Protein chains: 2
Amino acid sequence: MLKKRSNCPLSCWLEIFGDKWTLLIIRDIAFRGKKQYKEFISSREGISTNILADRLRLLVSNGVLIKTRSSSNKLVIHYELTEKGKSLAPILLSIAKWGNDHIPDTMIIGA
Amino acid sequence: MLKKRSNCPLSCWLEIFGDKWTLLIIRDIAFRGKKQYKEFISSREGISTNILADRLRLLVSNGVLIKTRSSSNKLVIHYELTEKGKSLAPILLSIAKWGNDHIPDTMIIGA
DNA sequence: CGGGATCCGTCTTGATACTG
DNA sequence: CAGTATCAAGACGGATCCCG
């Protein structure tokens, strides 16, 4: 399922996270408390439904997210980070710091 | 030149680096001592020439790389990291660590 | 209503061949 | 050596439709 171009850990990581959307989903869950499909859709960047569904499926199949059902409403699906997913946090933070330092008009807070 | 989907530093960073190839070029320069077009081509992942040319152009235009000429042979072009580019190193290292910890059969060394 | 799947036009990617 | 040109294949975006 994860095809490898090489044994470089960076290259392998890019096979999973190397696109413009995947890390934003992780961000929404890890730092913005989002869990539901419609909450990811509502983020400012505007991911489309087919792309979101595809990325969620990939993240679940790679063990980064787990899909559960809300305890309060069984119709609502929740996506949550696994331990593997949570361990991405330092990467996201170091990227965000780089962005703040080197890209004009960026700020951590926002939705 | 850098169009923004939002003011999130992570999202802006992804506009530059969010693909499967760009960070590999940074890796080759930062950790493998590569400088020339043909050296990037020779990496195991096998980037094609049009994509490489495109990414190098983008990285130069974003101030991450600078294009110079070899002092020994004026026909040879060298790509080198700017300070802005060098400051990506901690990000690459934290990604590589994650890959080593969570993706089977990965190793730092290799070409 | 929430969470998708499908279709379609467009934009991007990629492999290969070729060039200044 | 360091790229372009070409052209096919795939990814994306947006709208719409579907299903429980």
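Just so it is clear, the model here is predicted, and its values are computed rather than measured. Naming convention: chains lettered A, B, ... in sequence-line order (proteins, then strands); numbering from 1 in each chain.
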- [ ] Could you say whether A:N50 or B:I47 is positioned toward the 5' end of DNA chain C, judged by the nucleotide with the nearest heavy atom to each?
- [x] A:N50
Task: Listed once per pair and sorted, the salt bridge (charged side-chain N to carboxylate O under 4.0 Å, His left out) pairs that draw on residues 7-16 of chain B, sequence neighbours left out - done: B:R5-B:E15
Open item on the list: Quick check on the helix from C:dC1-D:dG20 to C:dG20-D:dC1: what's the angle between its two end axes, five base pairs per end, to the nearest 10°?
Closed with: 40°
- [ ] Return each pair, listed once, that meets salt bridge (charged side-chain N to carboxylate O under 4.0 Å, His left out) where at least one residue sits in residues 85-95 of chain B; pairs must be two or more places apart or across chains.
- [x] B:E83-B:K86
Open item on the list: Run A:E80 and A:L65 through side chain to side chain contact (heavy atoms under 4.5 Å, CB included) and show every step you take.
Closed with: CA-CA 5 Å; A:E80 296 175 80; A:L65 299 183; over 6 Å; no
- [ ] For B:I51, report the nucleic acid contact type (base, sugar-phosphate, nothing); a contact means any heavy atom under 4.0 Å.
- [x] base
Open item on the list: Counting the atoms with a prime plus P, OP1 and OP2 as sugar-phosphate, which does B:F40 contact under 4.0 Å by heavy atoms, base, sugar-phosphate, or nothing?
Closed with: nothing
Task: For A:H78, ring pair (Phe, Tyr, Trp, His ring centres under 6.0 Å) partners two or more places apart - done: none
Open item on the list: Just by distance, no angles: are the side chains of B:S43 and B:D28 close enough, under 3.5 Å, to form a donor-acceptor pair?
Closed with: yes
Task: Partner residues of B:Q36 under the side-chain hydrogen bond (donor to acceptor under 3.5 Å, both in side chains) criterion, sequence neighbours left out - done: none
Open item on the list: For residues 17-55 of chain A, which residue pairs pass the ring-ring contact (aromatic ring centres under 6.0 Å, His included) check, not counting sequence neighbours?
Closed with: A:W13-A:F17, A:F17-B:W98
TODO: Identify whether any heavy atom of A:K74 sits under 4.0 Å from a base atom; if not, whether one sits that close to sugar-phosphate; answer base, sugar-phosphate or nothing.
DONE: nothing
TODO: Identify whether any heavy atom of B:R69 sits under 4.0 Å from a base atom; if not, whether one sits that close to sugar-phosphate; answer base, sugar-phosphate or nothing.
DONE: nothing
- [ ] Using the heavy-atom set of chain B and a strict 4.0 Å cut-off, write down the first and last nucleotide of DNA chain D that makes it in, 5' to 3'.
- [x] D:dC1 to D:dT6
Open item on the list: The criterion is side-chain hydrogen bond (donor to acceptor under 3.5 Å, both in side chains); which residues satisfy it with B:S94, sequence neighbours excluded?
Closed with: none
Open item on the list: For a quick check of understanding: with a heavy-atom distance under 4.0 Å over all strands, which category does A:D19 fall into, base, sugar-phosphate or nothing?
Closed with: nothing
Open item on the list: Reading DNA chain D from 5' onward, which residue's closest nucleotide shows up sooner: A:T49 or A:K20?
Closed with: A:K20
Open item on the list: Using the side-chain hydrogen bond (donor to acceptor under 3.5 Å, both in side chains) criterion, which residues pair with B:T49? Sequence neighbours excluded.
Closed with: none
Open item on the list: Students should find this one: the first and last nucleotides of DNA chain C, 5' to 3', lying under 4.0 Å from a heavy atom of chain A. What are they?
Closed with: C:dG2 to C:dC7
Task: Pairs touching residues 56-69 of chain A that satisfy salt bridge (charged side-chain N to carboxylate O under 4.0 Å, His left out), sequence neighbours left out - done: A:D54-A:R57
Open item on the list: Within the 4.0 Å heavy-atom criterion, would you say A:D54 contacts the bases, only the backbone, or no part of the nucleic acid?
Closed with: nothing
Open item on the list: Tell me every residue that passes side-chain hydrogen bond (donor to acceptor under 3.5 Å, both in side chains) with A:K35, counting only those two or more places apart in sequence or in another chain.
Closed with: none
